[in-house]
Every structure is written in C-alpha cells, then in structure tokens.
J.: 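Take this structure first; my questions come after.
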Amino acid sequence: MPTFRFLLLLLFFLHSSLVASQRSRNSTSSWQTLSGNAPLVIARGGFSGLFPDSSLPAYQFALATSLTTVILWCDVQLTKDSFGICAPPNVELDNSTNIAIVFPNNKKTYIVNGVPMDGWFSLDYNLKDLSNVYLVQGIYSRSNLFDGNPFNLNTVEQVAQLKPPGLWLNIQHDMFYRQHNLSMRSFVLTVSKRVIITYVSSPEVAFLSSISARFKGSSTKLVFRFLGADVTEPSTNQTYGSLLRNLTFIKTFASGVLVPKNYIWPVNSAMYLQPHTSVVLDAHKEGLDIFAADFINDAAPLSYNYSYDPIAEYLSYIDNGDFSVDGVLSDFPITPSQTIGCFHHINKNGSGNEKPVIISHDGASGIYPGCTDLSYQKAVDDGADIIDCSVQLTEDGIPICLGSIDLIASTTVVQTPYSSLLANIPEIQGTAGIFTFNLNWSDIHSRLKPAISNPFLSKYFIRTNPLYANAGHFMSLSDFLTFAKGKPITGILINIENAAYLAQKQGMSIVDTVISTLNASGYTNQTSLEVTIQSTNSSVLTKFRQQTHYKLMYKIDETVRDALNSSINDIKKFADSVAIGKDSIFPQNDDQFITGATDLVQKLKSFNLSVYAHLFMNEFVSQAWDFFSDPTVEINSFFQGAGVDGIITDFPGTARSYRSNTCLKLGSNMPTYMLPVQPGGLIQLLYAIPPATAPFPSLTASDVIEPPLPPVSERANSTGGSVLGPTSNVTPQTPPSGTSPSGQPHTTACTFISLAMLLVSLLLLPM
C-alpha cells in the first residue's frame with residue numbers, strides 16, 4: 001500500500017478524534033509529582049503497541065489519541081554517515097525491519113557492551129541505503145498484519161516535523177558507536193540546534209556527563225536511565241542497583257531518572273505485588289524527576305493484583321496516596337492518557353453514573369473461582385449492580401449456583417474418585433463431562449473444591465489469579481438468595497439452562513425448583529431487589545411469565561447480524577430485555593479485527609427492549625485489536641459507541657471504575673482518548689485485508705419460538721420405589737464396580753480406568 005494512501009486512511013480513521021475537543025483536564029493542585037503537575041505520558045516509539053515501533057503512523061496515532069502534553073520517544077541509532085534515526089530499542093535492526101531481506105548477505109557480528117551480537121546494524125549503512133528498509137512489528141505476540149506497508153525509518157528531524165508537544169531522545173549505546181568512530185555526543189549537540197529536544201536519556205553515565213554542561217540552563221532535560229539492578233553500567237563499572245543508592249551523584253549530571261517499574265512496585269516470583277519501595281520519594285527528596293518504564297497493556301501477566309486492568313496498574317503509580325511518578329513510558333499511550341485525564345482522584349465510594357448497568361458473571365469470576373462466596377462478595381465490593389447465579393440441580397434436587405452443569409468446568413472433580421462418573425450426553429454438550437445431577441449437594445459442597453476459570457490457559461498460557469485458584473466455598477441457591485439480601489446491589493439475575501433435558505431425562509423441574517426456592521427465601525413480595533430470570537430458552541421464560549412477575553432476559557446464544565421484526569415481536573411476548581454476544585454488535589474476522597458494526601442494539605431498543613452485551617473479560621487476548629488491549633476502551637466503545645444498557649462481566653471492578661470516570665459527564669467536550677473506536681477503522685489500514693467472512697445470520701421467529709417445556713418424567717429408583725426421571729443418559733459407559741447406590745464411587749481399579757478415559761476425553765476437548 002503506498003504511504004500516502006495509508007496516511008489518508010489513517011486520517012479518515014482518526015477523523016472523529018481529530019475534530020473532538022483535546023481539552024486537557026489535568027488539575028495542577030492535587031498531584032504528588034515533583035512539580036505538582038500531572039504526570040507526563042511518554043509514547044515509546046509512538047503507539048508501538050499497535051503499529052511498528054517508531055513508524056510514522058505510530059507517532060501520528062499517539063498524537064491523535066493521547067493527552068495534549070504527550071511526549072514522543074525516539075530510540076536513536078546512528079547511520080554510517082552520522083544521521084540519527086528513530087528505531088526500535090535493540091541495537092540490531094533485523095528483528096524490527098525487513099533489512100535481512102533487503103541486504104541478505106550483510107549479517108555482522110559486533111561486541112556490544114562486552115557481549116557478541118549477530119545481526120544487521122545501522123552503522124553499516126548510509127541513510128540512503130536504508131531508504132528501502134521498512135519497519136515491521138518486532139513483538140511477535142502483536143499483529144503483524146500492518147507489516148508490508150512501506151513504513152520507512154525516520155530521522156529525528158522527520159519525527160520533529162510532526163510538531164509534538166515534546167520529543168524525547170534515548171541514547172542507548174553511545175559506547176558502542178564511539179568504538180566505531182561515530183559520536184552520539186556530536187549528533188545530539190548538533191540536532192538540538194535544529195529541533196527542540198525536550199528530554200535526552202541514556203543508561204551511560206559518561207555520555208550524560210559529557211553533554212551536561214552544554215545543556216545546563218537550557219530547556220532540554222537530561223535523564224539517567226536505570227537498567228536491571230544487577231546489570232553493570234559500562235562507564236562506572238557499578239551495577240545500576242548500587243547507583244540507585246547514590247542519587248546525589250546522579251543529580252550532578254541529570255535532572256531526572258527513568259527506572260523500570262518494578263524498581264517502584266516489585267513483584268515476587270509468582271507475579272504478586274510486594275510493598276512499594278521508597279525510590280520515588282527518594283528521587284523527589286533529591287529534586288529529581290522520576291519516570292517509570294516498561295508499561296504495556298499486553299503483558300501476560302501484569303501483576304495479578306491488577307486483574308489484567310492496565311488502568312489499575314497506572315493508578316498504583318500516579319494515584320496511590322503516597323506518591324506519584326512524574327511520567328510513564330508506555331507502548332499504549334491512550335491508556336495512561338485516560339488514567340491521568342479521567343480516572344485519577346476518583347471518590348472510590350461515590351455512586352458515579354447509573355449506566356452501563358453492571359451484571360456479574362458467576363460473581364467476580366475473573367478474580368476468584370466463579371459462583372463462590374468469595375466471588376460474589378468481590379462482585380458486591382467492586383460495584384456490581386446485579387449479581388448472578390447460574391442454577392444447576394444436584395442428584396438430590398438441590399438448586400446450586402455453578403457456572404456450568406459440567407463439574408469439570410468449575411471444580412476439582414477430575415482429581416477425585418468421582419471422575420468415574422464421566423459421561424457423554426449429547427443433549428447437553430459435545431464433549432464428555434461429569435454432571436451436577438450425578439452428585440448430591442453434600443458431595444459437591446464437602447468433597448469438591450472450586451476451580452477458577454482459565455479460559456486462555458491452553459492457547460495463550462495466561463492464568464487467572466493462581467494464588468486463589470481453589471479458594472472459596474460453593475453456594476446453594478438458598479445461600480445465594482440469603483447472601484444478596486441487604487447488599488448494596490439493585491438486583492439478582494438467575495440463569496436457567498437445560499430445563500427440557502432435566503425434565504425429560506432426569507425427572508427434575510428446574511423451573512419449579514427455582515420458583516419454590518425464591519418463594520421460600522421471601523423474594524415473592526419483597527421490592528428491594530429486582531429479580532431477573534435469564535435463559536436461552538423461550539420455553540423457560542414463557543413459563544416464568546405465566547407463573548411469576550419477575551423480570552425476564554432472553555439470551556441469544558448465537559452470533560447474529562440482525563433480527564427480523566417478527567422475531568423481536570416474539571421476544572417481547574416473554575422477555576423484557578435481551579443479552580447478546582459482543583460479536584453480534586461489533587463483528588470480528590478471524591484475525592480479531594472488527595469488520596464493522598451492526599444496528600442490532602438500536603433495533604432491539606426501538607422495540608423497548610433493554611440490551612446487555614456479554615461477555616467482558618480483562619485479559620487482552622479476549623479483545624479485538626481495535627480496543628488496544630485495554631478493557632476500558634472496549635467497555636467505552638460498547639457503551640458510548642453501540643449504546644448498550646449494560647454489560648455482563650467477569651470483572652465488575654473494571655466496569656465500576658469505568659462508570660466512575662469523570663470524563664463521562666463531559667458530553668461534546670469528551671477528550672479524544674475517551675471517544676469510542678470507529679468500528680472497522682483499523683481493518684482498512686492492514687497491508688492485505690483478509691477475505692470477507694460469511695455474514696452472520698439474522699435472528700428469525702423460528703430461532704426464538706420453542707414448544708412448551710416437556711412434562712417431568714418418572715423412573716424407578718434403586719430401592720424399587722418411584723422417583724421422577726430416568727437414569728442418566730450415559731453413553732457408552734456403565735457405572736464401575738464399587739459404586740455405591742447413591743452414586744458415590746469407591747476407589748477401585750475401575751476408578752483408575754475411568755481416570756484414564758477422562759484424560760483422553762480432556763485431550764480431545766477443543767482448544
């Protein structure tokens with residue numbers, strides 16, 4: 001794609017942002033920075049979390065989507081003819097450009113700070129030689145679909161022509177270039193006469209000392225960059241950890257320090273936060289600005305304490321009550337811009353806005369095992385408006401809260417002798433499982449442990465809060481209803497699935513059981529908590545409409561692009577609201593780019609149906625690239641952009657934080673970094689647009705209308721009496737010898753055979 005065409009598309013994508021107000025909202029009176037001003041956002045290589053580091057679009061995108069005070073960061077490398085170019089931080093170019101293709105035979109080996117390095121180096125080429133070398137995404141976990149666009153290497157002067165509010169030059173390898181008769185000192189002193197340089201940083205004491213006198217009294221500030229605490233600084237032969245203990249010495253040649261973020265908030269080997277250090281206060285005591293580095297949204301993980309919410313991480317550095325760093329170095333400058341502009345100094349106990357309505361998903365199941373006392377309490381503490389219980393029935397007919405009828409999904413059942421109850425039930429799911437109706441409530445409550453959901457473990461090796469992987473206690477529906485009373489919530493949501501199967505094959509009426517439990521718990525006449533029944537089955541909701549006065553939510557369990565008027569009219573006969581998947585609002589292609597937007601939300605709302613979107617998670621791999629690996633950007637786009645009434649989320653705390661941010665009340669003065677994304681904007685910028693996928697179907701009346709629930713069947717019980725329902729529809733297994741009449745197995749050789757079968761089954765589960 002020619003450069004000018006790409007830039008035209010980029011400008012089109014940013015149009016709504018460019019015409020919006022860029023008014024800065026940073027109070028200068030309440031920050032604990034050295035100056036008292038708001039912290040700075042420093043865009044490392046521009047918006048390098050999305051576009052190739054140091055490319056022109058990356059810099060332009062950073063300027064358009066960040067605070068008006070954003071600083072553009074340039075890692076400087078020198079060419080053979082002494083031009084300074086902005087390039088990704090590694091001294092070799094082959095990881096971040098196509099230079100190995102352009103010059104396939106020019107691989108060299110150099111000693112860099114005493115370490116031999118193989119690759120292609122800028123000092124072997126004149127600037128003209130590099131004119132056909134293009135930048136590419138050098139971090140392989142990020143999308144490479146922008147590669148192939150002619151993103152040229154840019155000189156410092158070319159980046160300065162963008163007229164950024166500030167320009168930061170990082171000089172990482174002065175000693176290496178001096179060994180090859182190139183002078184970073186001469187370059188910096190010369191270029192500073194042609195363009196305004198706001199900051200110059202380096203991890204080399206000798207380099208900063210050599211230029212400090214020339215910049216004394218100027219507007220250019222020198223910053224000493226700390227590397228790993230155990231790394232040796234080459235010009236003093238001291239470790240950076242030892243230099244940190246002598247900030248008075250640093251003050252002799254620099255006005256600030258840049259430190260890895262773990263210098264301030266260290267983490268242990270399990271990735272949990274330790275108490276913060278005194279380094280920020282120590283630097284401020286010496287009169288040094290202190291900047292924190294290494295902020296990226298797509299880290300796996302951030303410290304688990306942040307629950308994959310990058311805004312929560314930034315707040316711990318700028319709004320913790322003890323100190324604030326003076327700036328943050330980020331690959332995703334939109335996120336610290338939001339944090340500084342809209343999320344700082346929020347009253348954590350304030351009510352915030354009323355929308356979007358926050359509905360938990362198995363409680364705060366992104367933090368604790370779902371449907372446990374801990375998960376529900378966390379959802380309440382984090383500001384959920386409505387907490388949910390997905391009702392399952394046990395063998396003895398007790399309704400319990402559990403995210404799935406299959407115990408494998410949310411318990412430790414596979415580690416117990418109950419693994420012998422593995423069964424294939426096609427009416428429920430396509431893979432083998434161990435189902436709640438095969439164990440009684442005592443079995444589940446006393447002998448199984450909760451297991452936290454890890455939806456991205458097998459594919460991305462991303463874990464969910466492992467320290468609490470088996471924490472908490474299961475709750476019956478009665479426990480849940482008792483728990484909800486008196487809590488600062490507006491309602492409860494009860495989800496019911498598999499009702500027809502349970503009636504026909506297990507002799508259990510889940511609808512009648514839920515109604516009787518609600519009645520017994522005093523929810524029939526109480527008005528303080530609104531009760532909503534959710535199901536993907538219209539037959540379930542129809543029965544509730546006939547027998548109760550609860551609110552009813554229809555969950556559309558397939559991805560659709562539209563809904564026929566006739567289908568919506570049918571939904572209105574049995575539901576007050578609709579829950580739809582995120583892809584039905586912003587469809588994605590197979591590469592996780594949004595292809596556009598449907599009008600399904602507005603259409604449903606035009607029929608006076610409230611609309612809730614699901615499922616929101618904080619893990620960046622759950623989001624389209626268009627949301628910049630930021631769950632707040634995603635929530636904002638669904639609320640402000642698509643207009644949903646509420647969201648269903650594993651992380652109510654992130655949604656509550658979003659809803660409390662001060663920018664939501666600004667209306668037409670909304671800053672650019674808080675505008676919803678333009679659906680389908682990024683896909684137009686790809687080098688090769690993927691082929692269009694088949695459109696999702698429209699929802700029709702036949703998808704909605706179901707026959708009434710079947711009558712509850714009867715079966716003979718093990719003692720010769722009659723109980724409701726037949727035996728489990730197990731295929732092809734039969735209970736192993738040693739199984740007790742109650743279904744509780746004894747440990748025998750058959751148990752270990754069943755365990756082996758279970759392992760095979762798990763290996764066949766879809767990834």
Side-chain angles (χ1 to χ4, degrees), residues 34 42 44 73-78 84 89-92 110-117 121-123 168-192 197-218 220-264 266 277-294 325-327 329:
L34 183 63
I42 306 146
R44 193 191 69 82
W73 168 284
C74 166
D75 280 295
V76 181
Q77 296 192 29
L78 289 179
N90 293 334
V91 68
E92 69 271 33
Y110 286 112
I111 304 298
V112 182
N113 292 337
V115 178
M117 299 185 68
F121 298 82
S122 62
L123 53 76
W168 186 310
L169 302 186
N170 182 55
I171 312 301
Q172 195 76 10
H173 298 100
D174 169 61
M175 184 174 293
F176 168 69
Y177 287 106
R178 279 193 287 116
Q179 291 169 348
H180 297 277
N181 300 317
L182 291 169
S183 174
M184 276 289 188
R185 181 180 185 277
S186 296
F187 168 75
V188 170
L189 295 177
T190 300
V191 78
S192 65
I197 308 299
T198 316
Y199 292 93
V200 176
S201 63
S202 176
E204 297 183 17
V205 170
F207 172 73
L208 291 178
S209 299
S210 73
I211 64 173
S212 60
R214 296 291 296 270
F215 284 106
K216 188 174 183 178
S218 75
T220 301
K221 296 182 178 181
L222 305 187
V223 176
F224 181 62
R225 184 177 190 182
F226 284 81
L227 303 182
D230 296 330
V231 176
T232 299
E233 193 279 320
S235 59
T236 64
N237 206 32
Q238 297 183 53
T239 65
Y240 288 97
S242 63
L243 287 170
L244 187 67
R245 296 190 291 271
N246 194 2
L247 293 177
T248 302
F249 168 63
I250 304 299
K251 180 69 174 176
T252 62
F253 58 85
S255 63
V257 293
L258 172 65
V259 300
K261 63 185 181 183
N262 62 11
Y263 273 42
I264 301 169
T277 68
S278 63
V279 65
V280 176
L281 296 176
D282 293 343
H284 285 172
K285 185 178 179 180
E286 289 290 341
L288 291 165
D289 286 316
I290 180 166
F291 305 93
D294 305 331
V325 297
D326 300 283
L329 178 62

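Just so it is clear, the structure is predicted and the values come from calculations on it, not from any experiment.
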J.: Tell me if a side-chain donor or acceptor on Y240 pairs with a main-chain N or O of P203 at a distance below 3.5 Å.
T.: yes
J.: Is atom NZ of K251 surrounded by more than 12 heavy atoms (other residues, nucleotides or ligands) closer than 6.0 Å?
T.: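 Counting other residues, nucleotides and ligands, NZ of K251 exceeds 12 neighbours.
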J.: Report yes or no: does E233 contribute a side-chain atom to a donor-acceptor pair with the main-chain N or O of V205 at less than 3.5 Å?
T.: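 Looks like yes, one N/O pair under 3.5 Å.
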J.: How about W73 and F291: are their ring centres within less than 6.0 Å of each other?
T.: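 No, they do not, as the ring centres are separated by 6.0 Å or more.
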J.: Identify the two heavy atoms, one from I250 and one from V257, that lie closest to each other, and give their separation to 0.1 Å.
T.: CG2-CG1, 3.7 Å
J.: Enter the distance from R225:CZ to E204:CD here, rounded to the nearest 0.5 Å.
T.: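 The distance works out to 12.0 Å.
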J.: A206 and S235: which non-hydrogen atoms are nearest, and at how many Å?
T.: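 Distance-wise, the nearest heavy atoms are N-OG, 3.1 Å.
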J.: Does the S278 side chain pair with the main chain of L281, one donor and one acceptor, at a distance under 3.5 Å?
T.: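 Judged by distance alone, no pair lies under 3.5 Å.
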J.: Which of these passes side-chain contact (heavy atoms from CB on, under 4.5 Å) with I171: I211, L78, V200, D75?
T.: V200
J.: In sequence, state the C-alpha distance, the side-chain angles, and the governing distance for L243 and F224, and then conclude on side-chain contact (heavy atoms from CB on, under 4.5 Å).
T.: CA-CA 10 Å; L243 287 170; F224 181 62; 3.9 Å; yes
J.: Answer yes if the ring centres of F121 and H180 are under 6.0 angstrom apart, and no otherwise.
T.: no
J.: Are the side chain of T220 and the backbone of I197 linked by a donor-acceptor contact shorter than 3.5 Å?
T.: yes
J.: How close do S202 and F207 get, counting heavy atoms only, and between which atoms?
T.: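 Closest approach of S202 to F207, heavy atoms only: CB-CD2, 3.6 Å.
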J.: Of all heavy-atom pairs between R245 and G241, which one has the smallest distance, and what is that distance?
T.: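 Looks like NH1-O, 3.4 Å.
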J.: Nearest 0.5 Å please: distance from the CG atom of L169 over to the CG atom of L222.
T.: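 These two atoms lie 11.0 Å from each other.
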J.: Taking Q77 for its side chain and N90 for its backbone only, find out whether a donor-acceptor pair lies under 3.5 Å.
T.: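 Confirmed, Q77 side chain pairs with N90 backbone.
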J.: Kindly compute the distance separating CZ (F215) from NZ (K221), expressed to the nearest 0.5 Å.
T.: 14.0 Å
J.: Assess the residue pair Y110 and V91 against the criterion (side-chain contact (heavy atoms from CB on, under 4.5 Å)); give the C-alpha distance rounded to whole Å, side-chain angles, the decisive distance to 0.1 Å, and a yes or no.
T.: CA-CA 10 Å; Y110 286 112; V91 68; over 6 Å; no
J.: Roughly how far apart are L329 CG and L258 CG, rounded to 0.5 Å?
T.: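 The CG atom of L258 is 6.0 Å from CG of L329, to the nearest 0.5 Å.
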J.: Going from SG on C74 to CZ on R44, what distance comes out if it is rounded to the nearest 0.5 angstrom?
T.: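 Between atom SG of C74 and atom CZ of R44 there are 11.5 Å.
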J.: How about Y177 and F187: are their ring centres within less than 6.0 Å of each other?
T.: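 Here the rings of F187 and Y177 have centres that are no less than 6.0 Å from each other.
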J.: To the nearest 0.5 Å, how far apart are CZ in R185 and CG in L208?
T.: 12.0 Å
